[in-house]
Amino acid sequence: MRTVRAPATSANLGSGYDTFGVALSRPADVVSVERADRTTIEVTGAGAQFIPEDPEKNTVGAVARALDAPAHIKIDKGVRPASGLGSSAASAAGAALALNDLYDRGLSREELVPIAAEGEAVVSGAAHADNVAPALLGGFTIATADGVRSIETNVPLVACLPEEPISTRDAREVVPTHVSIEELVATVGNAATLSVGMCRSDPELVGAGMADEVVTPHRAALITGYDAAADAAREAGAHGVTVSGSGPGVLAVCPPDRRRAVAAAMVEAFADNGENARAYRTWTG
Ligand code: HSE
C-alpha cells in the first residue's frame, strides 16, 4: 500500500489562463493505493457524495489506466469538488504519484504531469495541466505545450470558497474565443509581472500581475457575491484578488499579517450576499 498527500492548487491566477498554477499549503487530499486485479475507487471526506466512484468517470480511473496500474484507490477528500481549488487534480496527482511508486514505473514528477492531466479531461473535457502541475511539483508552475516550468515561492494567500458549486465544464463555456491586441498586450504585461513576483516571493507584485480583463470578468459574473468579496478583500489589505481556477473559489494575495482580516472580510461579504463561504488562510506550498 502507498499513501500520498496531494495539495489543493489554484490555477490561472488571473492573467495566466490555462497556464499558471500554484500549490497551496492547505487543504489537501490523501490518496492510498493497493494492488488489485481491477481498479476500484472509494471516496470519503469533503463533498464525497458528489464524486463518482466508477473508474470510467473518476479522474483517478484514467490515471490508473494510463499507468497500467490497477488498484483499489481510496481518496480522502480535503479539497472540496467544484470549488476552484483543483479538487480533481489533487486526486489525480496523488493517484499518479502513489501508483507510479506502487508499480515501480520509475516516472519523474514532470513525466507524471501529462498522465495526471488525462484525468482532468475526464471531468472538464480538456486535459489542462495547470492544476496537476503544481499538485505534483509544488510552488508556482507554468504549463505550456512545451512542458512545465516550476519554481519554489513563498507567498501568503487566502482562498475563500462559497458553497454554490460551479463545474469547470460550465465555466469554460463562458471564456471568450478571441482577444484584441490591446487585451493581449495587457495580459502579457500582467502575466510577466506575476511571474517576477513569484520569483521574488513578493505578494505586491503577484497581486498586481493577477489583474485580468479577458477571462476573469466572465467567470466572476457566475459567482454570486464575487464583486463584494473582492472589494472587501482589497479594503482589508489584499494586493490582488481573482477567481481561483474556474471558480467559485476566490483567491486573494496579501501581506502575511493581513490574512486573517482578508479571510474574515470575504466570508462576511459572501454572507451579505446570501452565500455561505469558508476561507482558508494558506501559503504557496
Ligand atoms: N485552467 C482551468 C480553467 C482550471 O480555468 O478552466 C480549472 O480549475
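We count ligands from 1, going down the list as the structure has it; atoms in each ligand are counted the same way. Small disclaimer: the values here were computed from a predicted structure and weren't measured.
- Figure legend: R26 and Y280 shown without cation-pi pairing, the cationic atom not lying both under 6.0 angstrom from the six-membered ring centre and within 45 degrees of its axis.
- Using a 4.0 Å cut-off between a side-chain N of Lys or Arg and a carboxylate O of Asp or Glu, D18 and R172 qualify as a salt bridge.
- When all heavy atoms of R259 and R281 are compared, the pair lying nearest together is NH1-C, 3.5 Å.
- Near D18, with a cut-off below 4.0 Å to any heavy atom, the atoms of ligand 1 are 1 (N), 2 (C), 3 (C).
- Taking atom 5 (O) of ligand 1 as the reference point, the nearest protein heavy-atom neighbour is N12 ND2, 2.7 Å.
- For a threshold of 3.5 Å applied to N or O pairs, the pair formed by Y17 and ligand 1 contains no separation below that value.
- Residue contact annotation: A171 has no non-hydrogen atom under 4.0 Å from ligand 1.
- Between E111 and R105, none of the side-chain N atoms (NZ, or NE/NH1/NH2) sits under 4.0 Å from a carboxylate O, so this pair counts as no salt bridge.
- Looking only at atom types and distance, the side chain of N131 has a donor-acceptor partner in the side chain of T9 under 3.5 Å away.
- Proximity of R219 to ligand 1 is established by a heavy-atom distance of less than 4.0 Å.
- In summary, the atoms of ligand 1 found under 4.0 Å from a heavy atom of T168, numbered by their order in the structure, are 6 (O), 7 (C).
- With atom 3 (C) of ligand 1 as the reference point, the heavy atom nearest to it among R169, R172, E120 is part of R172.
- Among protein heavy atoms, atom 8 (O) of ligand 1 sits closest to N131 OD1, 2.9 Å.
- For the 3.5 Å distance criterion, the side chains of T224 and N273 fail to qualify, holding no donor opposite an acceptor.
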